[in-house]
Amino acid sequence: QVQLVESGGGLVQPGGSLRLSCTASGFTLGYYAIGWFRQAPGKEREGVSCISRNSASTYYADSVKGRFTISRDNAKNTMYLTMNNLKPEDTDVYYCATLVGPCPGDEYDFWGQGTQVTVSS
């Protein structure tokens, strides 16, 4: 079965940290650039970050630059998003997805089901 599964979300206080994981099964994640996206209910999806197949390049949205770090371990078929200094506006469902081409990009192949991140006191 071809799928991506996100994990690591939860409730955290402002200024706290979380690490999200995205694990692929049924295909080789190393063949794809892969990105993180977030979407609150009723809101538009926002691209957060993406990373090239070999980790040579990364992209970050201005809203998370300097706070979030994307990484991947192709041997484990897994990609990560380390989120530091979290803010209430970071509250969203976070999704991972493979890109058709290099990142940043607008075309995607596979999506995960999402993991909830809530930043609140």
Side-chain angles (χ1 to χ4, degrees):
Q1 185 177 28
V2 174
Q3 63 178 13
L4 291 168
V5 178
E6 302 96 335
S7 62
L11 175 64
V12 65
Q13 292 182 304
S17 298
L18 287 171
R19 188 175 80 156
L20 307 183
S21 298
C22 172
T23 299
S25 61
F27 70 100
T28 300
L29 191 61
Y31 292 164
Y32 296 88
I34 189 166
W36 286 98
F37 304 83
R38 62 188 183 186
Q39 187 172 24
K43 304 297 182 182
E44 294 294 319
R45 185 179 64 210
E46 177 188 10
V48 176
S49 182
C50 63
I51 187 168
S52 62
R53 293 182 297 168
N54 61 1
S55 300
S57 62
T58 57
Y59 166 83
Y60 298 94
D62 288 342
S63 59
V64 306
K65 195 172 298 181
R67 299 188 297 121
F68 292 9
T69 302
I70 192 169
S71 61
R72 67 192 299 165
D73 186 341
N74 288 339
K76 296 181 178 179
N77 232 24
T78 299
M79 184 264 291
Y80 307 95
L81 184 68
T82 301
M83 305 185 295
N84 296 317
N85 192 24
L86 283 161
K87 303 175 180 180
E89 53 262 43
D90 295 319
T91 296
D92 272 312
V93 178
Y94 284 71
Y95 301 86
C96 63
T98 59
L99 279 69
V100 172
C103 71
D106 296 321
E107 296 185 60
Y108 311 97
D109 288 303
F110 308 123
W111 288 88
Q113 83 291 340
T115 185
Q116 176 71 49
V117 172
T118 303
V119 184
S120 176
S121 298

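The basis for the numbers below is simple: all heavy atoms, side chains too, and nothing from hydrogens, waters or symmetry mates. The residues of the chain are indexed from 1 along the displayed sequence.
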Any side-chain heavy atom of S7 within less than 4.5 Å of one from T115?
no
Side chain to side chain donor-acceptor pair (under 3.5 Å) pairs touching residues 61-70, sequence neighbours excluded, are R38-S63, E46-S63, D62-K65, R67-D90
Could you tell me if the side chain of L11 sits less than 4.5 Å from the side chain of V119, heavy atoms only?
no
Decide whether L99 and I51 are clustered together by the hydrophobic rule: side chain heavy atoms of Ile, Leu, Val, Met, Phe, Trp, Tyr closer than 4.5 Å, transitively.
no
How would you list all residue pairs meeting disulfide bond (SG atoms under 2.5 Å apart) that involve residues 60-121, not counting sequence neighbours?
C22-C96
I need the L18 CG to M83 CE distance, nearest 0.5 Å.
4.5 Å
Side chains of I34 and L29: closer than 4.5 Å at any heavy-atom pair?
yes
Approximate separation, where rounding is to 0.5 Å, of M79 CE and T98 OG1
9.5 Å
E6 backbone acceptor or donor facing Q113 side chain under 3.5 Å:
yes
Look at the side chain of N74 and the backbone N and O of N54, then say whether any donor-acceptor pair between them is shorter than 3.5 Å.
no
Test: salt bridge (Lys or Arg N to Asp or Glu O under 4.0 Å). Region: residues 96-121. Which pairs qualify, not counting sequence neighbours?
none
Sorted by first residue and then second, give each side chain to side chain donor-acceptor pair (under 3.5 Å) pair with at least one member in residues 9-23; sequence neighbours left out.
S17-N84, T23-T78
Does anything in residues 111-121 pair up under salt bridge (Lys or Arg N to Asp or Glu O under 4.0 Å), and if so which pairs, sequence neighbours excluded?
none
Minimum-distance pair of heavy atoms, taken over all atoms of G47 and A61
O-CB, 3.4 Å
With sequence neighbours left out, which residue pairs that include part of residues 33-72 fulfil the ring-ring contact (aromatic ring centres under 6.0 Å, His included) condition?
F37-Y108, F37-W111
With a 4.5 Å heavy-atom cut-off, do S120 and P88 have their side chains touching?
no
Rounded to the nearest 0.5 Å, how far apart are CZ of R72 and CG of N77?
9.0 Å
Do V64 and L81 sit in one hydrophobic cluster, given that two such residues count as connected whenever their side-chain heavy atoms are within less than 4.5 Å of each other, even indirectly?
yes
Quick check: closest heavy atoms across Y31 and R53, and the distance to 0.1 Å?
O-CD, 3.1 Å
Between D92 (side chain only) and Y94 (backbone N and O only), is there a donor and an acceptor less than 3.5 Å apart?
no
Which heavy atom of L4 sits nearest a heavy atom of F110, and at what distance?
CD1-O, 3.5 Å
T58 and I70 have their tightest heavy-atom pair at CG2-CG2, 3.6 Å
Any P102 side-chain heavy atom under 4.5 Å of S52 side chain:
no
